[in-house]
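Report on one structure; see the data block that follows.
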Amino acid sequence: MDYKLEIQKLKKEKNALILAHFYQIPEIQEIADFVGDSLGLAQKAAEVDVDMIVFAGVHFMAETAKMLNPETLVVLPDLEAGCSLADSCPENDFREFKKKYPDHIVISYINTTAAIKTLTDIVCTSGNAVQIVESLPKDQKIIFAPDKNLGGYINRVTGRNMVLWNGTCEVHDILTTEAIIKMKEDNPDASIIAHPECNAPVLELADYIGSTTGMIKFTQSDTNERYIVATESGIIHQMQKLSPEKEFLIVPSDSTCNCNDCPYMKLNTLEKLYLALKNETPAINMDADVMEKATKPILKMLDISRKLKII
Ligand code: 13P
Ligand code: SF4
């Protein structure tokens, strides 16, 4: 079966759109109508007018797309595509945690379940987190969840003292300074670029820290030609495509591989995408009450991003 051809046909027939994250396999990124970071994908999902969105990403992203476009059928090629960060913040535990800080507002990274978003005042992504925090008064008390690495990074950049939930991304948190220092020794001319989900010692080594879109744009505008890249390996496809003359070296997750793959992102395949489009399942369905409450902090994020012109 020529999945690419069949997907193109079905897409037209069903008035469907494929949204994909930068961590998807190259074949999916190539067939997608839009490839982006979490912020770009949310902004896109909010503006499109189609009958169906096939979301090639993970569950919280597809759920966000559904909330921003509730009339549209949203399918996720593999419903098991979760996220360790979202899983690190169970609803009941977070509810109890929040009670300890009654005078704090909650800023949640978009990598959370809809249930956590119902307990959130403003959602953010790695692409707008610093600006969203800085848009609030200096003395505003804030709980930041669930990523302690991203939260710690924002605290350092903004001089705030947000209370951090103790969650991490299993893909980024295991990247080590040892691996990066070794790569830098072997490639002294290469710049180090990192996603803020990496731990603090890794971020300290970085010449640039940003969201996946931020990292890609940086490699396009920067004058250097070689980069040590501390994030999920799917991003290399776009970097290489947009800067074919440059060289990108992924920081491996362990000494036995030259890779760093998110096991959830990589559950999606062209075959599953084709089947999702054809069978219109698995669809994202949400409880109406949860959906109403969880959408509000996402809309706040989009509103602030629009005012600050963050894309
Ligand atoms: P961004 O693409 O928004 O930087 O997020 C990375 C990520 O972890 C997605 O799961
Ligand atoms: Fe979640 Fe990390 Fe995978 Fe992103 S890379 S989906 S944060 S587990």
Side-chain angles (χ1 to χ4, degrees), residues 19-25 28-29 32 34-45 55-65 68 76-89 107-113 116 123-132 144-151 153-154 165-175 193-199 202-203 206 208-219 229-239 250-253 259-268 298 301-302 305 310-311:
L19 302 183
H21 187 265
F22 291 126
Y23 295 163
Q24 292 296 292
I25 55 171
I28 290 184
Q29 293 191 39
F34 177 83
V35 192
D37 68 355
S38 310
L39 177 62
L41 288 164
Q43 288 168 326
K44 198 58 158 185
F55 207 107
V58 291
H59 192 270
F60 75 83
M61 294 179 173
E63 204 172 50
T64 302
L68 293 170
L76 181 67
D78 190 324
L79 260 196
E80 296 295 310
C83 168
S84 61
L85 254 177
D87 291 346
S88 73
C89 196
I107 300 184
S108 288
Y109 195 27
I110 198 163
N111 302 37
T112 48
T113 58
I116 295 298
V123 165
C124 72
T125 74
S126 52
N128 59 19
V130 168
Q131 292 95 324
I132 285 190
F144 187 86
D147 189 3
K148 69 170 180 190
N149 289 338
L150 176 62
Y153 167 69
I154 302 167
W165 177 262
N166 188 20
T168 55
C169 157
E170 68 183 38
V171 179
H172 289 87
D173 195 48
I174 56 163
L175 301 185
I193 59 175
H195 194 278
E197 288 173 21
C198 295
N199 58 58
V202 163
L203 294 181
Y208 175 83
I209 298 166
S211 73
T212 51
T213 293
M215 292 171 86
I216 291 168
K217 283 187 180 162
F218 177 77
T219 58
V229 183
T231 192
E232 212 269 356
S233 47
I235 199 170
I236 303 294
H237 177 68
Q238 286 300 321
M239 285 182 172
I250 195 79
V251 177
S253 52
C259 59
N260 181 22
D261 290 337
C262 169
Y264 313 103
M265 286 280 181
K266 294 300 196 272
L267 282 176
N268 295 323
I298 306 175
M301 168 188 84
L302 291 182
S305 301
I310 307 169
I311 44 162

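Residues: numbered from 1 along the sequence shown. Atoms within a ligand are numbered from 1 in the order they appear, just like the ligands themselves.
Close contacts of ligand 2 with N111, meaning ligand atoms under 4.0 Å from a residue heavy atom, involve 7 (S). Those atoms of ligand 1 that come under 4.0 Å of a heavy atom in N111, given as number and element, are 8 (O), 10 (O). Counting the atoms of ligand 1 from 1 in the order shown, those under 4.0 Å from a heavy atom of M265 are 10 (O). If you number the atoms of ligand 2 from 1 as listed, the ones under 4.0 Å from a heavy atom of E197 come out as 2 (Fe), 7 (S). The distance from ligand 2 to the heavy atoms of Y264 drops below 4.0 Å at these ligand atoms: 8 (S). Near S211, the atoms of ligand 1 lying under 4.0 angstrom from a non-hydrogen atom of the residue are 4 (O).
Inclusion of T212 in the set of residues having an N or O under 3.5 Å from an N or O of ligand 1 is warranted. Where the criterion is an N or O separation shorter than 3.5 Å, residue side chain and backbone included, T125 fails it with respect to ligand 1. When only interatomic distances are considered, the shortest N/O to N/O separation between Y23 and ligand 1 does not fall below 3.5 Å. Between S38 and ligand 1, at least one N/O pair is under 3.5 Å apart. Residue E197 places at least one N or O, backbone or side chain, under 3.5 Å from an N or O of ligand 1.
With a 4.5 Å cut-off on side-chain heavy atoms, F55 and L41 count as touching.
Between the side chain of S84 and the backbone N or O of E170 there is at least one donor-acceptor pair closer than 3.5 Å. With Q43 contributing its side chain and I310 its backbone, the two residues share a donor-acceptor pair below 3.5 Å. Side chain of D261 to main chain of P263: no donor-acceptor pair is present (N/O by atom type, distance under 3.5 Å, no hydrogens or angles). A donor-acceptor contact shorter than 3.5 Å links the side chain of N199 to the backbone of V202. The main-chain N or O of T231 is found under 3.5 Å from a side-chain atom of N260 such that the two form a donor-acceptor pair. Judged by distance alone, with hydrogens and angles left aside, the side-chain atoms of N111 form no donor-acceptor pair with the main-chain N or O of A86 at under 3.5 Å. Side-chain atoms of N268 come within 3.5 Å of backbone atoms of G57 as a donor-acceptor pair (strictly under, hydrogens ignored). Side chain of Q29 to main chain of G234: a donor-acceptor pair is present (N/O by atom type, distance under 3.5 Å, no hydrogens or angles). Between the side chain of W165 and the main chain of S88, a donor-acceptor pair closer than 3.5 Å is present. Side-chain atoms of E197 do not come within 3.5 Å of backbone N or O of D173 as any donor-acceptor pair.
Distance from atom 2 (Fe) of ligand 2 to its nearest protein heavy atom, with residue and atom name: C169 SG, 2.3 Å. Of the protein's non-hydrogen atoms, M61 CE, 3.5 Å is the one closest to atom 9 (C) of ligand 1. Atom 8 (S) of ligand 2 has S84 OG, 3.3 Å as its closest protein atom, hydrogens excluded (heavy atom only). For atom 6 (C) of ligand 1, the nearest protein heavy atom (residue, atom name, distance) is H195 NE2, 3.4 Å.
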Residues 209-219 side chain polar contacts: donor-acceptor under 3.5 Å, at least two apart:
unit_1: S211; atom_1: OG; unit_2: D37; atom_2: OD2; d: 3.2
unit_1: S211; atom_1: OG; unit_2: T213; atom_2: N; d: 3.4
unit_1: S211; atom_1: OG; unit_2: G214; atom_2: N; d: 3.1
unit_1: T213; atom_1: OG1; unit_2: D37; atom_2: OD1; d: 3.4
unit_1: T213; atom_1: OG1; unit_2: D37; atom_2: OD2; d: 3.2
unit_1: T219; atom_1: OG1; unit_2: I216; atom_2: O; d: 2.7

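If you look at E170 next to ligand 2, there are no close heavy atoms at all, none under 4.0 Å.
The option from A81, C262, C83 that lies nearest to atom 3 (Fe) of ligand 2, judged by heavy atoms, is C262.
The shortest separation from a heavy atom of S126 to ligand 1 is under 4.0 Å, placing the residue in contact. Not a single heavy atom of E232 sits under 4.0 Å from any atom of ligand 1.
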